[in-house]
Amino acid sequence: MASPGLYRRALPSPPAVDFASPEGKKIFVEALGQGTMEGFFKLISNYKTQSEPAYCALATLSVVLNALAIDPGRKWKGPWRWFDDSMLDCCEPLEKIKAEGLTFGKLACLARCNGAKVEAFRANGSSVHDFRNRVIACCSSEDCHVIVSYHRAPLNQTGIGHFSPIGGYHAERDMVLVLDVARFKYPPHWVPLNLLWDAVSTIDQATGLYRGYMIISKLNRAPSVLYTVSCRHEGWNSVAKFLTEDVQQLLKSEDLKDIQEVLSVVFKSPPGELRELITWIAEVRRQEDGTLTLSEDERGRLAIKADILEQIRTTALFKHVTRWLDSESTCCNTFVKLSDKEMLPALAADVCCQGADLLTGCGRLALSSGKCCSQIDVKQLNVDTENPVTIASGTVATGGGSVQEVDVLVPLCQRVPSRFCLSNEGHCIGMHPSTADVLTVLLLALPLHTWSGIKEEKLQVEVTSLLITEDLPPLLQEEVSFLREQLHFLMTDIGDPSH
């Protein structure tokens, strides 16, 4: 006999107070008068129920991003740009999140790569006093919001780990309003702050680390425009361990004489997934009317991407990386084997297929079965102007037989033709991010203590001078800072947060 299913749970009260109850309304009115409900109205205007039982992190983040009026820069449905939990899959495939949920570090990384400023605090690195002060500060403002990761058991609720935003604070009662995104289970409710802190101060069995809370606010600029960190592949943990532990040990174990030997130690036998760690944020769009025209905004974004590429290639580090990639010693290296895939038509075909899901509302850069891209055509617009543009166009065929024409907007960076670009009569066609660029920004994004194991002091100083970011051009400096922060959040899921 089929189960009749469940219609909500009775909210355990005490300790919680139902927000819609007479007592809950009274607490709300009093807190409103105290000025600690300022963030509530933006949150409640965007409050939603998670669309899957394990999507609490995604639903919480989409509520907060929309409350902060952050533009996702991509369409949700029809012409509308709007955050929905189905769009938040750049750190983990939706199918995996549906089965396992999302960890604290990956949620922080996800918030960061979608345009938010993130301050993340593990419970063992904070205190109830700090937590209270930060809750009060955010609840007294419309400019930031608190997301909590907590265990339901201390609140006498069923279930285990959960994420929700904090909607308000009552000073005299020392209570916080939890806007539970699992509204099919429990309604929004007030709970004592000390008790919520106990729920936050628990171990997440998925990582073996403490849960925590994060302060989310709006950046004063767009998020990274060229690269982002991706941990969508299964081998993410081995990549993180390699970067945080193995590289330092490898450098300590070798008597290195120059930069080329350092690069060989780091990149000669890394985990296979390392090449996928830093990914190019390709701009994919639907061909609305078959014309190849670009808006001023699109041209502006491509110009910034091209500037960042140019800045990467003017660094001394990039010259060392390209020299290493071109050397005979790397002939069997994983990165060189991938060079054929960097040819723009092949790369564009892959991006077109990924972009099909984005354009049909099925998620961001999520590959779906039954999609393929063909008839790739690389064109340059306004070749004679100061800012020419490259567009790779292709036809995406879905499993249902429908066809969608897609454009990939490619940042153009002039350089001498090499195996890192598609060459035509001695000229580079639409130079796009290559392995050399990716490895350069990855090295710049690693914390400086990574290189402390180099034995030769003079070489260690030389390496450090190549990797110091303070003197980089502003755009590249921001790009590297963004990637470094993403790496930090992700690495806190596997060990020491100082990494």
Side-chain angles (χ1 to χ4, degrees), residues 8-50 56 59-70 83 111 116-119 121 123 126-150 152 154-157 162-183 185-201 212-218:
R8 312 191 80 174
R9 296 276 192 190
L11 180 69
S13 181
V17 177
D18 189 331
F19 177 66
S21 69
E23 186 67 12
K25 294 176 183 177
K26 181 181 178 184
I27 298 173
F28 170 77
V29 171
E30 291 172 355
L32 188 63
Q34 296 165 1
T36 50
M37 296 296 298
E38 293 304 305
F40 169 80
F41 298 98
K42 292 290 181 67
L43 288 170
I44 207 66
S45 297
N46 296 280
Y47 189 28
K48 65 174 290 179
T49 303
Q50 61 193 75
C56 57
T60 295
L61 183 57
S62 66
V63 168
V64 170
L65 293 175
N66 287 327
L68 291 168
I70 294 175
F83 280 108
K117 178 181 177 182
V118 184
E119 298 174 85
F121 306 93
S126 186
S127 68
V128 66
H129 176 72
D130 294 334
F131 179 55
R132 180 180 292 106
N133 285 342
R134 289 179 176 125
V135 166
I136 293 171
C138 277
C139 291
S140 303
S141 167
E142 294 183 344
D143 298 330
C144 64
H145 301 289
V146 181
I147 290 175
V148 285
S149 169
Y150 61 102
R152 287 192 181 274
L155 306 181
N156 296 333
Q157 298 173 4
H162 193 52
F163 287 93
S164 281
I166 296 296
Y169 175 76
H170 189 290
E172 280 74 19
R173 301 186 189 224
D174 195 30
M175 298 183 82
V176 293
L177 176 61
V178 177
L179 294 177
D180 197 328
V181 291
R183 291 193 288 183
K185 186 175 186 180
Y186 295 119
H189 49 273
W190 294 94
V191 293
L193 183 141
N194 282 330
L195 190 60
L196 181 59
W197 177 251
D198 290 342
V200 169
S201 303
Y213 62 99
M214 55 190 81
I215 310 299
I216 309 293
S217 55
K218 190 174 184 177

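Every heavy atom of this structure was used, including side-chain atoms; hydrogens, water molecules and symmetry mates were not. Keep in mind that this is a model prediction, so the values were computed, not measured.
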Minimum heavy-atom distance P154-A199, with the two atoms named: CG-CA, 3.7 Å
Under 3.5 Å donor-acceptor, S164 side chain and V178 backbone: no
Heavy-atom check, side chain of F19 versus side chain of I27, under 4.5 Å: no
Candidates I216, V64, I215, I136 - the one meeting side chain to side chain contact (heavy atoms under 4.5 Å, CB included) with V146: I215
Working for side-chain contact (heavy atoms from CB on, under 4.5 Å), residues C139 and I166: CA-CA 8 Å; C139 291; I166 296 296; 4.0 Å; yes
Whether Q34 side chain and A171 backbone form a donor-acceptor pair below 3.5 Å: yes
Under 3.5 Å: donor-acceptor pair, side chain of T60, backbone of F163: yes
Heavy-atom check, side chain of L43 versus side chain of L179, under 4.5 Å: yes
Inter- and intrachain pairs under salt bridge (charged side-chain N to carboxylate O under 4.0 Å, His left out), touching residues 126-140, at least two apart: R132-D174
Parallel, tilted or perpendicular, as decided by the 30° and 60° cut-offs, for the rings of F41 and F28: perpendicular
Closest non-hydrogen atom pair, H145 against G39: CE1-O, 3.5 Å
Minimum-distance pair of heavy atoms, taken over all atoms of P12 and Y186: CD-CE2, 3.8 Å
Nearest-0.5 Å distance, CE of residue M175 to NE2 of residue H189: 9.5 Å
Worked check of side-chain contact (heavy atoms from CB on, under 4.5 Å) between L193 and L196: CA-CA 5 Å; L193 183 141; L196 181 59; 5.6 Å; no
From H162, Q157, Q50, residue fulfilling side chain to side chain donor-acceptor pair (under 3.5 Å) relative to D180: H162
Ion pair K117/D143, N-O distance below 4.0 Å: no
Distance in Å, K185 NZ paired with R152 CZ, rounded so as to fall on 0.5 Å steps: 4.5 Å
Spatial distance of atom OG (S62) from atom OH (Y47) [nearest 0.5 Å]: 11.5 Å
Spacing of SG belonging to C138 relative to CD1 belonging to I147, to within rounding of 0.5 Å: 10.5 Å
Rounded distance [0.5 Å steps], CD in E38 versus OG in S140: 7.5 Å
Minimum-distance pair of heavy atoms, taken over all atoms of L155 and Y150: CD1-CE1, 3.8 Å
K42 to A67 - nearest heavy-atom pair and separation: O-CB, 3.6 Å
T49 vs V181 side-chain heavy atoms within contact, under 4.5 Å: no
Passing candidate, side chain to side chain contact (heavy atoms under 4.5 Å, CB included) with V135, options V176, T36, V148: V176
Working for side-chain contact (heavy atoms from CB on, under 4.5 Å), residues W197 and Y213: CA-CA 10 Å; W197 177 251; Y213 62 99; 3.7 Å; yes
Aromatic plane relationship, W190 with H170 - under 30° parallel, 30 to 60° tilted, over 60° perpendicular: perpendicular
Nearest non-hydrogen partners of A16 and V191, listed with the distance: CB-CG1, 3.8 Å
OG-CE distance between S149 and M214, expressed to the nearest 0.5 angstrom: 7.0 Å
